[in-house]
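Throughout, protein chains are lettered first and strands after them, A, B, ... in sequence-line order, and every chain is numbered starting at 1.
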Protein chains: 2
Amino acid sequence: MRHFLIIAHKALTTGDFSLNDMPGSAGRMDILCRCINTSLFLSHDMRRDVQVHLVLLGDPDPGKIVRFDGETLRYLSPDERSSGSLIKKALQKTAGDMEVRSTPGVFIRRGGLDTLLSEFKKHGVNLIYLREDGDDIRTTDEPLDNVVFILGDHVGVTDEEEELITAAGAKLLSVGPLSLHSDHCITVLHNEIDRRTYT
Amino acid sequence: MRHFLIIAHKALTTGDFSLNDMPGSAGRMDILCRCINTSLFLSHDMRRDVQVHLVLLGDPDPGKIVRFDGETLRYLSPDERSSGSLIKKALQKTAGDMEVRSTPGVFIRRGGLDTLLSEFKKHGVNLIYLREDGDDIRTTDEPLDNVVFILGDHVGVTDEEEELITAAGAKLLSVGPLSLHSDHCITVLHNEIDRRTYT
């Protein structure tokens with residue numbers, strides 16, 4: 001299983017946002033939409049062995065986790081409005097500590113980065129934190145078949161979050177010589193794992 | 001210079017489309033928007049050495065080329081609506097054989113795949129056609145520093161177009177073992193060239 005965890009510091013935590021203004025009033029929700037696209041789509045197919053975990057930390061009710069599960073996911077098209085619409089529907093549900101399903105393959109609950117890190121650790125999932133000064137993904141010996149990749153948004157990852165991530169034992173990896181958007185990093189990560197898996 | 005040429009068989013050739021329905025009535029305009037994003041964006045920066053050439057073949061006036069020039073481009077944000085809006089403005093201009101500028105770094109004219117292929121050949125740009133059975137991008141000896149990558153849309157590339165492309169001398173390359181969306185291919189191509197250029 002490949003997991004992607006994206007920390008969204010400004011993303012609204014209410015379903016009361018406009019699909020016409022996701023970069024603005026929705027708190028850069030467009031970034032999450034593109035991460036969902038690159039995590040889950042193949043040409044004329046979907047990556048069923050992928051889960052995406054969005055940690056939403058924006059107003060008015062920070063600390064919600066929206067999960068997209070490739071295996072059971074339905075109603076997702078590649079465009080930003082489609083994933084935005086599924087996030088919006090999830091945020092319209094009342095979120096508690098137990099996950100609830102909003103649409104097939106999309107779930108919401110309360111929680112934050114610490115919640116997910118401790119769950120992944122407990123289940124033996126290899127934690128990888130993407131940073132420019134990490135080891136090269138192409139040459140790393142890290143196992144990449146049961147893994148969660150942790151990425152930030154347009155403001156990156158805060159010092160406090162980075163402390164949590166490294167304390168949880170995450171390894172640092174890099175995707176290449178230039179600093180890329182999170183959704184582009186995801187595409188490069190998939191390509192490397194695809195090559196290790198299918199060739 | 002890195003060029004990306006995307007053939008869009010259904011993309012509308014009038015500016016009279018809604019940014020709220022780019023996958024539908026605009027003829028999968030969303031695909032082009034994502035290709036523009038992955039071609040041109042770095043984290044907090046833009047790739048100034050990139051040009052994107054969109055060949056629009058949809059109704060009502062097929063055969064228009066919209067060019068995005070990274071060096072002079074302005075007003076582009078990463079979200080689909082932003083690139084969609086710039087394409088829309090370009091399509092609102094009257095297109096003739098000579099290119100006209102619609103907004104800084106965005107241009108439109110009449111033309112098709114054959115127009116671009118003969119211009120690239122004339123200027124000594126190396127033609128690369130992306131196809132699953134091509135040589136691996138990671139190990140190819142093809143020069144990748146003055147190059148145009150030719151990609152299709154959701155319906156691929158027609159037999160007639162493929163004949164034109166191969167007759168123009170294009171080499172076949174592949175980005176990996178799985179079939180990917182065009183915008184994802186572009187990210188993988190950039191990563192390979194970045195690695196050859198900057199490490």
Side-chain angles (χ1 to χ4, degrees), chain A residues 18-24 26 28-34 37-45 47 77-84 130 132 136-138 151-156 174-199, chain B residues 18-24 26 28-34 37-45 47 77-84 130 132 136-138 151-156 174-199:
Chain A
S18 165
L19 295 176
N20 296 345
D21 189 28
M22 292 200 284
R28 297 307 311 271
M29 197 67 78
D30 63 312
I31 295 174
L32 299 182
C33 296
R34 286 191 295 281
N37 170 306
T38 55
S39 297
L40 288 161
F41 279 101
L42 286 170
S43 182
H44 306 289
D45 206 352
R47 294 183 181 271
S77 299
D79 61 299
E80 289 172 12
R81 286 179 75 89
S82 173
S83 38
L130 271 291
E132 285 85 349
D136 188 354
I137 182 80
R138 286 200 187 177
L151 302 110
D153 57 4
H154 61 300
V155 296
S174 153
V175 296
L178 300 184
S179 182
L180 304 182
H181 284 190
S182 293
D183 57 317
H184 301 174
C185 292
I186 291 170
T187 302
V188 177
L189 293 167
H190 270 320
N191 185 251
E192 178 59 31
I193 309 178
D194 290 345
R195 286 168 174 271
R196 294 184 184 203
T197 309
Y198 300 106
T199 49
Chain B
S18 165
L19 295 176
N20 297 344
D21 189 28
M22 291 200 284
R28 297 307 311 273
M29 198 67 76
D30 62 310
I31 295 174
L32 300 182
C33 296
R34 287 191 295 281
N37 170 306
T38 55
S39 297
L40 287 162
F41 278 100
L42 286 170
S43 183
H44 305 291
D45 206 353
R47 293 182 181 271
S77 298
D79 61 299
E80 288 172 12
R81 285 178 76 88
S82 173
S83 38
L130 271 291
E132 285 85 349
D136 187 354
I137 182 81
R138 285 199 187 178
L151 301 111
D153 57 5
H154 61 301
V155 296
S174 154
V175 296
L178 300 183
S179 182
L180 305 182
H181 284 190
S182 293
D183 56 317
H184 301 174
C185 292
I186 290 170
T187 302
V188 177
L189 293 167
H190 270 319
N191 186 251
E192 178 59 32
I193 309 178
D194 289 345
R195 286 168 174 272
R196 294 185 185 202
T197 309
Y198 299 106
T199 50

Quick one, Glu80(A) with Asp30(B), criterion side chain to side chain contact (heavy atoms under 4.5 Å, CB included). Give me CA distance, side-chain angles, the key distance, then yes/no. CA-CA 8 Å; Glu80(A) 289 172 12; Asp30(B) 62 310; over 6 Å; no
Checking side chain to side chain contact (heavy atoms under 4.5 Å, CB included) for the pair Val188(B)/Val188(A): CA distance, chi angles, key distance, verdict? CA-CA 6 Å; Val188(B) 177; Val188(A) 177; 5.5 Å; no
Is it the side chain or the backbone of Pro78(A) that comes within 4.5 Å of chain B heavy atoms, both, or neither? both
For Arg34(A), which atoms come within 4.5 Å of any heavy atom of chain B: side chain, backbone, both, or neither? side chain
Interatomic spacing from NE2 in His154(A) to NE2 in His44(B) - rounded to 0.5 Å: 8.0 Å
Partners of His181(A) by ring-ring contact (aromatic ring centres under 6.0 Å, His included), sequence neighbours excluded? His184(A), Phe41(B)
Rounded to the nearest 0.5 Å, what separates atom CG in Asp21(B) from atom CG in Asp79(A)? 9.0 Å
For Gly176(A) and Asn191(B), the nearest pair of non-hydrogen atoms, with its separation, is CA-ND2, 4.1 Å
Evaluate the side-chain proximity of Leu180(B) to His190(A): yes if any heavy-atom separation is below 4.5 Å, no if none is. no
Measuring heavy-atom distances to chain A, does Asn37(B) have an atom under 4.5 Å in its side chain, in its backbone, in both, or in neither? both
Sequence neighbours excluded, which residues qualify as side-chain contact (heavy atoms from CB on, under 4.5 Å) partners of Asn20(B)? Asn20(A), Arg81(A), Ser18(B), Arg81(B)
Residue selection (most heavy-atom pairs with chain B, distance under 4.5 Å) from Arg138(A), Arg28(A), Met22(A): Arg138(A)
Closest non-hydrogen contact found for Pro177(B) with Thr199(A) is CB-CG2, 3.7 Å
Could you state the interatomic distance from OG1 (Thr187(A)) to CD1 (Ile186(B)), rounded to the nearest 0.5 Å? 10.5 Å
Chain A contact via Arg47(B) - side chain, backbone, both or neither, heavy atoms under 4.5 Å: side chain
The interface call for Leu178(A) against chain B, heavy-atom contacts under 4.5 Å, is side chain
